Amino acid sequence: MKRWITGLCALLCAASLAGCGGIADEDIKSVTVDSPVAGKRVAYIMQMAPSDIFQMWSGAAQQTAEGLGMEYDAFFCGGSDAQWQDTVSQCAAAGYDGLLLSHGGQNYAYNFLQDLLAQYPDLKIVTFDTQFKDSSGQTQTIDGVTQFFQQDAQFARLLLEYICNELYPDKVAAGEPVNILKVWVGPNFLSPFDRRQEGYQAYEAEGLIRTVETIGPSDFSNAEASMADVTTATLAKYQPGEIDAIWCCYDLYASGVYTALTQGGYDIPMVSVDICNADIEKMSREGSPWKACATTNWDYNGEFGMRVLALELAGAYDAIIDPLTGQAASWLELPTTVVTQDMVAKGGINVTNLDTVAGASYTDRSWMPTADWMARLLGD
């Protein structure tokens with residue numbers, strides 16, 4: 001809201017001065033349109049359907065783009081890789097100047113985008129959660145393309161830190177590992193899952209946790225229901241006390257775990273990566289086993305991506321700073337935070353107002369990339 005008030009005030013002041021003879025009409029344009037990316041056409045193209053958090057993302061990206069004087073469109077592809085590629089190709093052919101691309105598949109994104117840029121060399125591209133792998137499975141980069149991700153390894157670490165320090169501090173103090181039922185799919189199933197595994201393995205290596213068993217959906221076309229069935233069958237094999245907590249790499253899977261726990265009457269706490277309104281509602285129920293979610297701020301994600309794309313369009317690559325390292329880079333990772341059951345238990349909390357309860361790490365903006373002209377236009 002601040003950026004819109006700032007822009008409106010500038011416009012009203014300029015108009016007032018013009019009416020009084022203080023500023024000529026042609027000068028008003030320079031006051032109100034002071035952007036090296038003004039008039040650029042940009043699009044957000046998401047491989048998945050428009051869920052709560054991705055609607056937040058798109059709204060923030062649109063607000064940022066329009067605050068910088070750009071024209072914005074959004075396209076959601078319903079989980080279809082073919083539709084995602086077709087939409088990207090169509091936007092490039094239609095003359096869009098920049099594309100913010102989300103969740104392209106690592107099995108095709110590298111070759112597809114390389115070929116696209118060979119055809120449209122002036123096109124600027126920023127990708128989110130899109131790993132570039134060549135035909136031999138090696139990680140690659142594309143010159144001029146900025147990739148950004150969530151700090152996936154930190155997701156795992158923060159949730160395990162919560163389990164160890166908040167749920168089982170006495171066990172950890174006694175030098176005993178916390179017994180974890182791990183919900184994960186991999187390796188090489190999905191690159192964010194693999195990076196979450198890195199954070200998880202660090203806790204295993206330190207002896208802070210012991211993985212009792214690793215489970216995942218048996219039917220990915222109906223992952224939530226499948227996860228409920230798999231979890232129910234798994235829990236039946238263990239005696240009370242043999243599983244201390246359940247760690248879930250993804251909240252869709254966690255929703256199935258929640259169903260198994262509540263329907264089976266199990267007293268086992270669970271935590272998960274990612275968040276949505278349904279997760280919050282389940283966490284806030286009385287006696288819920290769902291104790292915490294690790295997430296990024298999805299408003300900030302959309303703004304961040306659009307700022308990076310605008311900096312690319314302005315040729316300001318040196319201002320594209322990785323929040324993790326503080327250095328200019330083409331590979332960026334966004335900070336994460338833990339949202340606990342206590343934070344949402346009072347009710348009335350959803351993904352759009354998490355900032356009122358989630359603490360300083362969730363609302364910290366110190367890592368947001370910027371430039372003098374961008375700060376002036378967006379009211380930083």
Side-chain angles (χ1 to χ4, degrees), residues 37 40-50 53-54 57-58 60-62 64-65 70 72-77 79-92 96-134 137-152 190-195 274 296 298 300-314 316-317 319-325 328-334 367-369:
V37 297
K40 299 290 187 182
R41 294 177 66 202
V42 295
Y44 166 53
I45 305 173
M46 172 50 158
Q47 189 268 0
M48 301 169 78
I53 56 177
F54 295 123
W57 167 296
S58 182
Q62 179 173 2
T64 304
M70 297 190 288
Y72 176 89
D73 290 300
F75 303 91
F76 293 89
C77 301
S80 168
D81 290 324
Q83 185 177 341
W84 186 86
Q85 292 175 80
D86 287 345
T87 304
V88 172
S89 296
Q90 289 166 11
C91 286
Y96 280 82
D97 299 290
L99 301 179
L100 180 54
L101 307 179
S102 189
H103 287 72
Q106 68 180 22
N107 60 322
Y108 63 79
Y110 176 62
N111 290 332
F112 171 71
L113 293 179
Q114 271 200 316
D115 292 345
L116 186 81
L117 287 169
Q119 188 174 1
Y120 303 99
D122 294 331
L123 181 65
K124 298 300 182 183
I125 291 176
V126 174
T127 68
F128 173 65
D129 259 1
T130 302
Q131 182 73 275
F132 297 157
K133 299 270 189 175
D134 63 20
Q138 298 299 307
T139 299
Q140 299 291 344
T141 60
I142 300 175
D143 287 345
V145 175
T146 305
Q147 298 170 266
F148 74 105
F149 304 82
Q150 300 174 98
Q151 289 179 15
D152 288 290
L190 194 66
S191 86
F193 288 8
D194 290 345
R195 291 196 302 277
D274 289 337
T296 50
W298 288 89
Y300 289 4
N301 292 355
E303 178 181 353
F304 181 92
M306 190 53 65
R307 281 174 176 254
V308 171
L309 183 58
L311 290 168
E312 280 195 4
L313 287 164
Y317 283 86
I320 300 174
I321 304 299
D322 177 23
L324 187 62
T325 65
S330 60
W331 176 287
L332 318 171
E333 295 193 40
L334 302 183
W367 44 268
M368 198 67 74

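In this text, all values refer to a predicted model and were calculated from it rather than measured experimentally.
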S.K.: Run the side-chain hydrogen bond (donor to acceptor under 3.5 Å, both in side chains) test against Thr325 and tell me which residues pass, sequence neighbours left out.
M.R.: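 side-chain hydrogen bond (donor to acceptor under 3.5 Å, both in side chains) list for Thr325, sorted by chain: Asp322.
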S.K.: CG of Leu309 to OG1 of Thr64: how many Å apart, nearest 0.5 Å?
M.R.: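 That separation rounds to 11.0 Å.
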S.K.: Drop me the distance from Thr87's OG1 to Ile45's CD1, to the nearest 0.5 angstrom.
M.R.: 6.0 Å
S.K.: Which residues pass the side-chain hydrogen bond (donor to acceptor under 3.5 Å, both in side chains) test with Tyr110, sequence neighbours left out?
M.R.: Gln114
S.K.: Test of understanding: with side chain to side chain contact (heavy atoms under 4.5 Å, CB included), list the residues that count as partners of Gln119, not counting sequence neighbours.
M.R.: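 Side chain to side chain contact (heavy atoms under 4.5 Å, CB included) list for Gln119, sorted by chain: empty.
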S.K.: Between Val88 and Ile125, is there a side-chain heavy-atom distance shorter than 4.5 Å?
M.R.: no
S.K.: In chain order, what residues pass the side-chain hydrogen bond (donor to acceptor under 3.5 Å, both in side chains) check against Gln131, with sequence neighbours excluded?
M.R.: none
S.K.: Only counting residues at least two apart or in another chain, list the ones meeting side chain to side chain contact (heavy atoms under 4.5 Å, CB included) with Asn107.
M.R.: none
S.K.: Using ring-ring contact (aromatic ring centres under 6.0 Å, His included) as the criterion, list what pairs up with Tyr317, not counting sequence neighbours.
M.R.: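 With sequence neighbours excluded, Tyr317 shows a ring-ring contact (aromatic ring centres under 6.0 Å, His included) to no residue whatsoever.
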S.K.: Distance check, rounded to the nearest 0.5 Å: Thr296 atom OG1 versus Glu333 atom CD?
M.R.: 12.0 Å
S.K.: Quick one: CZ on Arg307 to CE on Met368, what's the gap to the nearest 0.5 Å?
M.R.: 5.5 Å
S.K.: Taking side chain as C-beta onward, heavy atoms only, is Leu334 less than 4.5 Å from Pro323?
M.R.: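 Leu334 vs Pro323: side chains touch.
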S.K.: Within a strict 4.5 Å, meaning less than it, do heavy atoms of the Val42 and Leu100 side chains meet?
M.R.: no
S.K.: Write down the atom of Gln140, the atom of Gln147, and the distance for their closest heavy-atom approach.
M.R.: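 Closest pair (atom of Gln140, atom of Gln147, distance): O-OE1, 4.0 Å.
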S.K.: Quick one: side chain to side chain contact (heavy atoms under 4.5 Å, CB included) partners of Leu190, sequence neighbours excluded?
M.R.: Pro192, Phe193
S.K.: Where do Val126 and Gly305 come nearest, in terms of heavy atoms and distance?
M.R.: CG1-O, 4.3 Å
S.K.: Looking at every non-hydrogen atom in both residues, tell me the closest pair between Asp81 and Gly105 and how far apart they are.
M.R.: OD1-N, 4.4 Å
S.K.: Mind checking salt bridge (charged side-chain N to carboxylate O under 4.0 Å, His left out) for Asp97 and listing every partner two or more places apart, or none if nothing turns up?
M.R.: none
S.K.: Does Phe148 have any ring-ring contact (aromatic ring centres under 6.0 Å, His included) partners at least two apart in sequence or in another chain, and if so, which?
M.R.: Trp57, Phe128, Phe304
S.K.: List in chain and number order the residues that pass side chain to side chain contact (heavy atoms under 4.5 Å, CB included) with Ala74, two or more places apart in sequence or in another chain; answer none if no residue qualifies.
M.R.: Tyr44, Ser58, Tyr72, Phe76
S.K.: Excluding sequence neighbours, so at least two apart, what forms side-chain hydrogen bond (donor to acceptor under 3.5 Å, both in side chains) with Asn111?
M.R.: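 Once residues adjacent in sequence are excluded, Asn111 has no partner under the side-chain hydrogen bond (donor to acceptor under 3.5 Å, both in side chains) criterion.
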S.K.: Without swapping roles, check the side chain of Gln47 against the backbone of Gly79 for a donor-acceptor pair under 3.5 Å.
M.R.: yes
S.K.: Working to the nearest 0.5 Å, report the span between OG1 of Thr139 and CD of Gln106.
M.R.: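 So the gap between those two atoms works out to 8.0 Å.
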S.K.: Parallel, tilted or perpendicular: which fits the ring planes of Trp84 and Phe112, with parallel below 30° and perpendicular above 60°?
M.R.: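 Taking Phe112 first and then Trp84, their aromatic rings sit tilted (interplane angle of 30° to 60°).
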S.K.: Give the minimum heavy-atom separation between Ala109 and Thr130, together with the two atoms involved.
M.R.: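 Of all heavy-atom pairs spanning Ala109 and Thr130, the closest is CB-CG2, 3.6 Å.
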S.K.: Could you tell me which residues satisfy ring-ring contact (aromatic ring centres under 6.0 Å, His included) with Phe54, sequence neighbours excluded, listed by chain and number?
M.R.: His103, Trp298
S.K.: Is there a side-chain contact between Leu311 and Thr146 (heavy atoms, below 4.5 Å)?
M.R.: no
S.K.: Considering all heavy atoms of both residues, which atom of Cys91 and which atom of Ala43 are nearest to each other, and what is their separation?
M.R.: SG-CB, 4.4 Å
S.K.: So, for Leu116 and Ala92, which heavy atoms are closest and what is the spacing to 0.1 Å?
M.R.: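 Minimum heavy-atom contact is CD1-CB, 3.9 Å.
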S.K.: CD of Gln62 to CE of Met70: how many Å apart, nearest 0.5 Å?
M.R.: 11.5 Å
S.K.: Indicate yes or no: at least one non-hydrogen side-chain atom of Thr127 is less than 4.5 angstrom from one of Leu113.
M.R.: yes
